[in-house]
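Reminder, nothing fancy here: chain letters follow the sequence lines and each chain counts from 1.
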Amino acid sequence: MAPASVLTPRSEDFPRWYQDVVAKAELADNGPVRGTMVIRPYGYAIWERIQAEIDARIKATGARNAYFPLFIPESYLRREAEHVEGFSPELAVVTYGGGKELEEPVVVRPTSETVINAFFAKWVQSHRDLPLLINQWSNVVRWELRPRILLRTTEFLWQEGHTAHATEEEARRYALRILMDVYREVMVDILAVPVLTGRKTERERFAGATTTWTCEAMMGDAKALQMGTSHELGQNFARAFGIQFQTETGGTAYPWQTSWGSSTRLLGGLIMAHGDDAGLRVPPRVAPVQVAVVLVRDEEGAGQAAAQLVRELAAAGLRVELDDRVDTSYGRRATAWDLKGVPVRVDVGPRELAAGQATLARRVPGTKETVPLRAVSEVVPAALEEAQRDLLAQAESFQRERTAEVSSVPEAAEAGQAGFARLPWASLGPEGEAELATAGVTVRCLVGPDGGLPLPGQDAGTVAVVGRAY
RNA sequence: CGGGAAGUAGCGCAGCUUGGUUAGCGCGCAGCGUUCGGGACGCUGAGGUCGCGGGUUCAAAUCCCGCCUUCCCGACCA
């Protein structure tokens with residue numbers, strides 16, 4: 001791969017490298033107001049693909065999309081005590097409208113449990129109305145004190161799901177289904193980011209939830225990133241908003257609820273999980289451009305050959321782009337495609353054309369090979385599959401190497417600086433957790449004794465995975 | 001929100017200490033020419049409310065005050 005003078009080397013200054021990639025790959029820019037961002041077309045194209053994958057899986061669970069207002073009466077937030085306490089420090093509140101001071105301030109939604117549940121109270125009357133499964137794609141605002149583009153911004157885009165069920169058991173199954181069949185699957189199978197799935201400790205639980213389930217990934221600097229959460233809300237919001245239904249036997253009951261979300265932070269996670277010194281590396285399944293056909297020089301019919309390759313690759317169902325900017329030097333263009341992380345590049349110029357060949361450059365191992373022109377549209381799909389697999393395998397082995405088994409709090413505090421540390425929750429507990437926090441290490445999640453998900457409330461035998469986090 | 005650093009052309013920087021005529025440099029950008037297979041070279045040129053507001057002064061990028069933004073480290077979060 002080319003000498004990466006374009007970017008700050010990842011090993012030299014990871015946060016700076018991250019900024020450089022976001023800028024040079026044309027993913028996003030900072031907005032004029034602190035903590036806001038502009039998502040540029042290339043970044044947004046990746047987001048749209050992530051959205052499509054998540055959206056399809058959400059719909060497969062039976063939920064439907066809807067839209068609720070940006071503005072929420074302040075009084076709604078106050079109805080659930082823990083919820084308002086958790087969110088009040090990060091609220092943006094509008095006190096003026098139409099040139100007049102408002103009688104009741106409205107908050108810009110930090111999340112929509114409150115408005116949505118106010119309507120659930122209207123819509124849920126009978127057990128026949130359940131389950132009620134709603135998702136919305138929207139922006140939300142949480143005033144951030146320390147913003148980081150695409151990872152922690154004051155305004156961000158996300159999806160938030162809200163459901164109501166007749167029984168606790170059903171709500172739990174649904175929350176876990178979202179966790180595993182939507183989030184985990186998209187992260188692992190599509191984004192090629194291995195995640196740990198587990199339960200949050202009391203300390204890390206969502207404000208207003210009874211149980212929070214999470215997907216946690218390890219970034220290239222061995223820090224953790226929470227990439228998606230699914231909450232069991234119990235009957236907390238149902239009681240606060242008066243959501244009740246008539247049961248089959250004629251009684252009244254409060255439904256059991258869930259909520260779950262994933263955001264543009266996934267884009268940040270993608271960069272930090274897969275990027276290298278040459279820039280971004282996009283897994284083929286989310287790549288807006290899977291193959292760039294680069295016309296090196298338009299001589300001796302190379303232009304026609306490149307156009308023909310583009311047609312063939314498109315016909316093979318690939319997302320392909322022709323780069324025929326022959327007035328820009330080859331090196332510059334090659335570097336730009338590397339920066340953008342396009343998985344496969346096919347170079348065509350008079351040189352290989354004379355031999356009936358094309359040059360195939362793979363972003364993931366960073367290698368080049370020559371391929372007969374006739375075989376390109378067969379070789380490329382295989383190369384993309386390999387890239388997808390290799391990215392996941394690399395991230396998995398990195399996470400494995402940077403995960404330590406420890407048995408005491410001091411060991412966990414130390415190992416947690418360099419990656420993940422695993423230790424029995426019994427050896428840690430809330431006191432140990434608080435102690436770790438003073439070293440900047442937090443419990444990312446609790447996993448079950450067999451490596452699977454622990455039960456809500458189950459502490460016995462669980463293993464805590466701790467580390468530094470974004 | 002606390003501690004630190006910084007904001008001068010699209011990007012990276014110098015100039016500021018010690019105020020003074022036309023604010024420079026590298027990259028990028030435009031035109032022309034030579035080149036062309038991993039960020040080519042030459043010539044010519046365009047591009048600036050010196051972050052914003054106020055103050056001091058005959059005179060402010062430079063000194064003073066306030067604010068905004070960015071980055072790093074901490075406390076809170078998708």
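Between Leu360(A) atom CG and rG38(B) atom C1' there is a gap of 16 Å when expressed in whole angstrom units. Counting to the nearest Å, the P atom of rA78(B) and the CZ atom of Arg109(A) are 17 Å from each other. Note: CG (Leu91(A)) to C1' (rC76(B)) measures 13 Å, nearest angstrom.
Using a 3.5 Å distance cut-off with no hydrogens or angles, the side chains of Glu232(A) and Trp213(A) do pair a donor with an acceptor.
The residue among Ala334(A) and Asp13(A) whose nearest nucleotide of RNA chain B is located toward the 5' end is Ala334(A). Summary of the strand contacts: Ala437(A) and Val296(A) both lie near RNA chain B, and taking for each the nucleotide with the nearest heavy atom, the more 5' one is attributed to Val296(A).
At rG38(B), none of the side-chain N or O atoms of Arg363(A) fall inside 4.0 Å of OP1 or OP2 (strictly under the cut-off). The phosphate of rA75(B) (OP1 or OP2) has no side-chain N or O of Arg146(A) nearer than 4.0 angstrom. At rC77(B), none of the side-chain N or O atoms of Arg265(A) fall inside 4.0 Å of OP1 or OP2 (strictly under the cut-off). An OP1 or OP2 oxygen of rC71(B) is reached within less than 4.0 angstrom by a side-chain nitrogen or oxygen of Gln19(A). Listed pair Ser329(A) / rA40(B) meets the phosphate criterion, a side-chain N or O lying under 4.0 Å from OP1 or OP2.
Both tests do not hold together for Arg333(A) against Tyr330(A): distance to the six-membered ring centre under 6.0 Å, angle to the ring axis within 45°.
In this structure, Phe156(A) counts as stacked on the base of rA78(B) under the 5.5 Å centre distance and 30° plane angle limits.
Using the six-membered ring where Trp is involved, Trp47(A) and Trp137(A) have ring planes that are perpendicular, over 60° apart on the 30 and 60° scheme.
Among the heavy atoms of the strands, none lies under 4.0 Å from Thr36(A). Among the protein residues, Gly35(A) comes within range of the sugar-phosphate backbone only, with heavy atoms under 4.0 Å from sugar or phosphate atoms but none that close to a base. Counting any heavy atom pair closer than 4.0 Å across all strands shown, Arg468(A) reaches sugar-phosphate atoms only and no base atom. Leu266(A) comes within contact range of no nucleotide atom at all, as no heavy-atom separation falls under 4.0 Å.
For rG47(B) and rG33(B), the P atoms lie 23 Å apart once the distance is rounded to whole Å. The separation of rG26(B) from rU44(B), taken at their P atoms, amounts to 12 Å, rounded to a whole angstrom. Between rU18(B) and rU22(B), the distance separating the two P atoms is 24 Å to the nearest Å. To the nearest whole angstrom, the two C1' atoms, one in rA61(B) and one in rG19(B), are 10 Å apart. Remark: the separation of the P atoms in rC67(B) and rC72(B) is 23 Å, to the nearest Å. Nucleotides rC52(B) and rA46(B), compared at atom P, are 24 Å apart to the nearest Å. Rounded to a whole angstrom, the distance from the P atom of rG51(B) to that of rA9(B) is 8 Å. To the nearest whole angstrom, the two C1' atoms, one in rC41(B) and one in rC36(B), are 11 Å apart.
rG2(B) is paired with rC73(B) under the criterion used here, namely a Watson-Crick or G-U wobble arrangement in which both key atom distances are under 3.5 Å. rC32(B) is paired with rG42(B) under the criterion used here, namely a Watson-Crick or G-U wobble arrangement in which both key atom distances are under 3.5 Å. Base pairing of rC58(B): its partner is rG20(B), meeting the Watson-Crick or G-U wobble criterion (both donor-acceptor distances under 3.5 Å). When both pairing distances are held under 3.5 Å, rG48(B) makes no Watson-Crick or G-U pair with any nucleotide shown. Pair assignment for rC27(B) gives rG10(B), based on Watson-Crick or G-U wobble hydrogen-bonding distances that are each under 3.5 Å.
Between Glu321(A) and Lys340(A) there is no salt bridge, since no side-chain nitrogen of the basic residue lies less than 4.0 Å from a carboxylate oxygen of the acidic one. Between Arg285(A) and Glu53(A) there is no salt bridge, since no side-chain N of the basic residue sits under 4.0 Å from a carboxylate O of the acidic one.
Side-chain proximity of Leu145(A) to rA78(B), rC1(B), rG38(B): nearest is rC1(B).
Phe237(A) and His162(A) have their aromatic ring centers separated by at least 6.0 angstrom.
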Before giving the answer on side chain to side chain contact (heavy atoms under 4.5 Å, CB included), spell out for Lys223(A) and Met272(A) the whole-Å C-alpha distance, their side-chain angles and the decisive distance to 0.1 Å. CA-CA 10 Å; Lys223(A) 284 169 77 171; Met272(A) 293 198 297; over 6 Å; no

